[in-house]
Amino acid sequence: MRIGELSRRTGVSERSLRYYEQQGLLGPRRRPSGYREYVESDLDVVRRIRTLLAAGLSTAIIAEVLPCMVDDGERLVPACPELAVELDRERDRITGHIDELTDARAMLTEIIAATAASHPAADDCEVLDAAAGPRRRQPVAR
DNA sequence: ATTCTGACA
DNA sequence: TGTCAGAA
């Protein structure tokens with residue numbers, strides 16, 4: 001199948017599909033026309049990629065881990081032993097990231113408190129409004 | 001009609 | 001990641 005069909009069947013944009021290939025996550029063969037030719041099994045590969053991406057793994061890590069993962073239809077199951085340590089390391093990396101963000105938030109909270117203290121009537125402060133920005137919250141990619 | 005690559009008011 | 005251009 002060509003990229004258009006894979007895109008429709010997986011719900012993943014053609015743009016992302018080409019990007020995954022650049023990252024070494026997919027290796028479709030080419031038709032003489034230069035068009036990418038995917039196989040049925042690529043459908044599962046793409047699903048695995050999406051799952052791993054949603055788990056917060058980088059494409060580099062996914063490239064290493066992908067061939068060691070098999071989809072039993074419901075969940076991803078590790079097929080290699082060294083995979084466990086690799087994933088555990090990623091988990092710690094993500095935990096570290098969370099800690100950094102938690103610290104950053106705490107510092108901002110203090111600064112905001114100090115600002116409010118010195119500016120009792122700042123409810124019409126354009127700078128603060130801009131800083132607050134459009135508080136939008138996006139759902140986790142799936 | 002589809003896909004490809006490269007680039008970004 | 002979207003999206004548009006210019007070519008095949």
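Convention: sequence-line order gives letters A, B, ...; per-chain numbering from 1. What you see below is based on every heavy atom in this structure, not just the backbone, and it leaves out hydrogens, waters and symmetry mates.
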Q: Nearest 0.5 Å, please: how far is NE2 in H97(A) from CG in D92(A)?
A: 14.5 Å
Q: If you measure from CD1 on I94(A) to CZ on R91(A), what distance do you get to the nearest 0.5 Å?
A: 9.0 Å
Q: When we call it a touch if two heavy atoms are under 4.0 Å apart, what does R18(A) touch: a base, just sugar-phosphate, or nothing?
A: base
Q: Rounded to whole Å, please give me the gap between CG in L6(A) and C1' in dT3(B).
A: 14 Å
Q: Expressed in angstrom and rounded to an integer, what is the separation of E14(A) atom CD from dC4(B) atom P?
A: 7 Å
Q: On DNA chain B, check which nucleotide each of Y38(A) and R15(A) is closest to and give me the residue with the more 5' one.
A: Y38(A)
Q: Quick check on dT1(C): is either OP1 or OP2 less than 4.0 Å from any side-chain nitrogen or oxygen of S16(A)?
A: yes
Q: Are any of R36(A)'s side-chain N or O atoms less than 4.0 Å away from OP1 or OP2 of dT3(B)?
A: no
Q: In the strands shown, is dT3(B) matched to any nucleotide by a Watson-Crick or G-U wobble pair with both distances under 3.5 Å, and which?
A: dA7(C)
Q: Would you tell me if any nitrogen or oxygen in the side chain of R8(A) comes within less than 4.0 Å of OP1 or OP2 on dT2(B)?
A: no
Q: Separation of R29(A) atom CZ from dC4(B) atom P, in whole Å?
A: 16 Å
Q: I'd like to know if E64(A) pairs up with R89(A) as an ion pair, taking the criterion as any Lys NZ or Arg NE/NH1/NH2 lying under 4.0 Å from an Asp or Glu carboxylate oxygen.
A: no
Q: Applying salt bridge (Lys or Arg N to Asp or Glu O under 4.0 Å) to E5(A) and R2(A), what does each step give before you reach the verdict?
A: CA-CA 6 Å; E5(A) 185 180 342; R2(A) 290 173 309 185; over 6 Å; no
Q: With the 4.5 Å side-chain cut-off for hydrophobic clustering, are L43(A) and Y35(A) part of the same group?
A: no
Q: Whole angstroms only, please: what is the CG-C1' distance between L17(A) and dT1(C)?
A: 13 Å
Q: Applying a 4.0 Å non-hydrogen cut-off, can you work out what R31(A) is touching in the nucleic acid: base, sugar-phosphate, or nothing?
A: nothing
Q: CE of M1(A) versus P of dT2(B): gap in Å, rounded?
A: 16 Å
Q: Expressed in angstrom and rounded to an integer, what is the separation of R30(A) atom CZ from dT2(B) atom P?
A: 19 Å
Q: Does dA1(B) have its OP1 or OP2 closer than 4.0 Å to a side-chain nitrogen or oxygen of Y35(A)?
A: no
Q: Please report the distance, rounded to the nearest Å, between OH in Y19(A) and P in dC4(B).
A: 18 Å
Q: With a 4.0 Å cutoff (strictly under), does any side-chain N or O of S33(A) reach OP1 or OP2 of dA8(C)?
A: no
Q: How many whole angstroms separate atom CG of L26(A) from atom P of dT3(B)?
A: 16 Å
Q: On DNA chain B, nearest-nucleotide positions of G4(A) versus Q22(A): which is more 5'?
A: G4(A)
